[in-house]
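Okay, so here's the structure we're looking at.
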Amino acid sequence: MRQIKSFALAAFAAFGLSSALVAPPAAAESVIRISSPYPATTLDPSRSGAAGNIEPFGQLYSRLLRRDFATGELEGGVAENWDVSADGLTYSLHLRDAQFSDGSPITAEDAAFSLERVRSDKESALPSPLSAVESITASDQKTVVIKLKHALAPMLANLELWNVGIVSKADVDKRGVEGAFSANPLASGPYMVKEWRPGEKLVLTPNPHYWRKGYPKSDATVELMEVAEPETAAAMLKAGEVDVMRSVNWAQVEDLKNTDGIDMRMEPSNVVFITLLNHSREPFSNLKARQAAAYALDNKVLTQAITNGYAKPANTPLPGSLDFHDDAYPGIVADMDKAKKLLEESGMAGKEVKIILGSGSTNQQTGLLMQAQWQAIGLKPVIVNVDTPAWWEATGKGEYDATPTWWMNELTDPDLAVRWALCGSCDSHAFNTFYDNKKVNELTEQGSREQDPKKRAEIYQEIARIATEEVSQIPLYYSPFPIAYSKRLKNLKMTPAMQWTLEETTFAE
């Protein structure tokens with residue numbers, strides 16, 4: 001999502017392919033190589049939500065709770081069990097015997113320290129999962145006590161997020177933040193860092209002290225390789241130089257489906273593609289101009305044209321896989337005549353619209369379709385191509401009018417999604433759109449505190465309807481993860497929360 005969901009936009013960066021990536025492969029069953037356009041930029045789990053960081057965070061750092069890869073159910077992680085007070089305000093989590101990668105014990109003090117960094121450190125990329133927390137303490141060596149200001153329905157689920165991975169307090173105190181996370185952090189997860197070449201690859205090796213005994217199931221080294229161009233990644237996959245291709249281009253899907261030895265999958269995700277609109281300046285500070293822009297974009301046609309039908313047209317700005325999503329709600333249905341009428345009524349006809357685009361064929365295709373449709377109703381869209389840092393700077397400062405992008409929610413609970421994309425008083429200026437609706441902000445707080453699922457459904461469906469009708473953003477489509485795997489791997493997949501199941505992975509006989 002957020003600066004967490006900056007994870008999504010790291011895809012915009014174009015990194016050159018290092019000669020190191022095309023070196024002769026190691027023994028076939030000693031290395032699992034995953035190619036991805038998303039670069040790893042930090043090993044500190046509290047500092048970033050970029051895709052290239054979220055994925056290794058899940059391998060390096062265990063959380064208090066975890067999700068079963070097969071069922072998706074929440075279960076004990078480093079915390080073996082937990083108690084919740086009758087009023088829902090105090091969570092006591094009891095740690096199992098677990099160790100960091102150097103063999104030192106994981107204590108409640110480490111867990112409390114890790115959570116506190118997320119909650120209150122000024123460099124925290126996503127504090128909102130712990131925004132309802134009043135205090136985090138270690139009552140003894142094995143017990144973490146979390147006290148809330150008010151009840152929070154998704155509190156337990158928030159303790160499984162990528163950014164609340166447990167780090168060593170003693171190591172951070174000893175080496176400092178930069179030293180502790182620069183190259184070889186102490187790991188609490190299934191893997192630890194063997195080598196990191198920023199801009200090329202992050203090499204992981206099994207953590208011999210991982211608390212899940214017998215895991216990882218394979219002793220293979222894992223290489224997370226940065227390969228920006230999908231054509232290059234596909235060629236490497238076909239040649240056996242990588243085992244997994246992350247973010248397959250839609251135009252490549254059929255070819256990879258028909259290639260021997262490759263398993264081309266559409267894996268479930270919590271992703272939504274949208275068009276951000278800048279509410280802080282004309283033309284899109286005007287409601288009717290936003291509605292005109294939305295009615296002019298036929299997302300059914302756009303989805304088919306860009307994804308070849310592999311994605312599903314979106315009906316709200318929130319991911320369709322979230323709890324309480326209303327599939328029956330029609331959203332805004334394309335209508336060019338209505339779009340022209342609304343634009344004329346808005347007084348914004350003839351206004352220039354600055355569309356900023358990052359690199360990548362999907363962004364370029366979407367931008368050109370937006371430009372054509374908006375020209376047809378009387379706007380003057382201008383496309384400006386930018387790199388990733390410039391994209392974030394422009395959107396963060398409100399120096400744009402529109403841009404296509406995507407984001408995902410780590411949980412199926414909608415609280416964090418709403419806080420990221422729609423709440424104007426929360427973390428991210430409603431994903432840098434500067435949309436700010438008082439009713440939505442109030443409902444956000446109500447929804448997070450409400451315990452009755454039926455009432456929560458009503459709240460989140462109302463939020464979605466308001467945001468859709470006011471065009472907080474323009475919903476485009478709900479996308480699966482298009483990922484291609486070598487058939488020599490077994491039990492490897494990406495979860496909807498964008499986590500690899502590497503600890504479960506083995507090799508075909």
Side-chain angles (χ1 to χ4, degrees), residues 29-34 40 43-46 53-82 93-115 141-142 144 159-172 180-181 183-196 202-224 243-244 489-495 497-507:
E29 294 199 4
S30 61
V31 183
I32 299 170
R33 291 188 171 94
I34 299 174
L43 302 179
D44 185 341
S46 74
N53 296 324
I54 287 178
E55 292 168 33
F57 289 162
Q59 308 307 318
L60 295 173
Y61 307 106
S62 288
R63 279 86 77 179
L64 289 169
L65 304 183
R66 67 182 297 272
R67 287 197 182 275
D68 182 276
F69 291 136
T71 67
E73 293 299 314
L74 204 61
E75 61 184 32
V78 172
E80 192 167 21
N81 52 68
W82 57 91
L93 297 108
H94 310 289
L95 275 56
R96 68 178 78 241
D97 289 331
Q99 298 174 317
F100 289 106
S101 52
D102 67 347
S104 60
I106 296 174
T107 67
E109 187 178 21
D110 293 311
F113 170 75
S114 302
L115 295 179
Q141 283 290 93
K142 292 293 185 182
V144 182
L159 296 178
E160 189 267 331
L161 288 171
W162 51 268
N163 65 334
V164 294
I166 298 174
V167 303
S168 168
K169 181 180 185 300
D171 189 49
V172 175
F181 300 107
N184 59 335
L186 287 186
S188 54
Y191 290 87
M192 57 189 185
V193 175
K194 180 178 180 181
E195 180 186 13
W196 185 26
L202 175 63
V203 183
L204 307 178
T205 190
N207 174 6
H209 298 287
Y210 183 40
W211 65 267
R212 289 188 79 198
K213 300 307 178 187
Y215 292 84
K217 289 185 175 180
S218 163
D219 62 1
T221 297
V222 175
E223 294 188 4
L224 303 176
D243 301 291
V244 182
L489 300 179
K490 294 177 62 178
N491 301 320
L492 179 59
K493 67 178 182 178
M494 176 167 279
T495 73
M498 213 159 65
Q499 297 288 289
W500 294 110
T501 62
L502 282 162
E503 64 193 271
E504 307 278 348
T505 303
T506 58
F507 295 92

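In this chain, residues are counted from 1 in sequence order.
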Can you name the closest pair of heavy atoms from [X] and [Y] and give their distance?
| X | Y | value |
| --- | --- | --- |
| Y191 | P206 | CD2-N, 3.6 Å |
| Q59 | L502 | OE1-CB, 3.7 Å |
| K217 | T506 | CB-CG2, 3.8 Å |
| S114 | G165 | CB-O, 3.6 Å |
| A187 | N207 | O-ND2, 3.7 Å |
| E503 | Y210 | OE1-OH, 2.8 Å |

Could you tell me the separation between the [atom1] atom of [X] and the [atom2] atom of [Y], rounded to the nearest 0.5 Å?
| X | Y | atom1 | atom2 | result |
| --- | --- | --- | --- | --- |
| L64 | R96 | CG | CZ | 10.5 Å |
| T107 | L95 | OG1 | CG | 8.0 Å |
| S218 | N491 | OG | CG | 11.5 Å |
| S46 | N163 | OG | CG | 7.5 Å |
| K169 | I106 | NZ | CD1 | 15.5 Å |
| D44 | L60 | CG | CG | 11.0 Å |

- May I have the step-by-step check of side chain to side chain contact (heavy atoms under 4.5 Å, CB included) for F100 and D171, ending in yes or no? CA-CA 10 Å; F100 289 106; D171 189 49; over 6 Å; no

Kindly say whether [Y] contributes a backbone atom to a donor-acceptor pair with the side chain of [X] at under 3.5 angstrom?
| X | Y | result |
| --- | --- | --- |
| K493 | F69 | yes |
| R33 | D243 | no |
| D110 | S168 | no |
| R66 | G77 | no |
| E223 | V31 | no |
| D68 | E73 | no |
| S188 | I166 | yes |

Just so I know, are the side chains of [X] and [Y] near enough to count as touching, which here means a heavy-atom distance under 4.5 Å?
| X | Y | result |
| --- | --- | --- |
| V244 | W500 | yes |
| Y61 | L43 | yes |
| R63 | E160 | yes |
| V193 | P185 | yes |
| L159 | L93 | yes |
| Y215 | E504 | yes |
| V167 | P45 | yes |
| M192 | T205 | yes |

- Carefully, step by step, assess W162 and M498 under the rule side chain to side chain contact (heavy atoms under 4.5 Å, CB included). CA-CA 9 Å; W162 51 268; M498 213 159 65; over 6 Å; no

- Query: Please walk me through it: do V203 and W196 pass side chain to side chain contact (heavy atoms under 4.5 Å, CB included)?
  - Reply: CA-CA 6 Å; V203 183; W196 185 26; over 6 Å; no

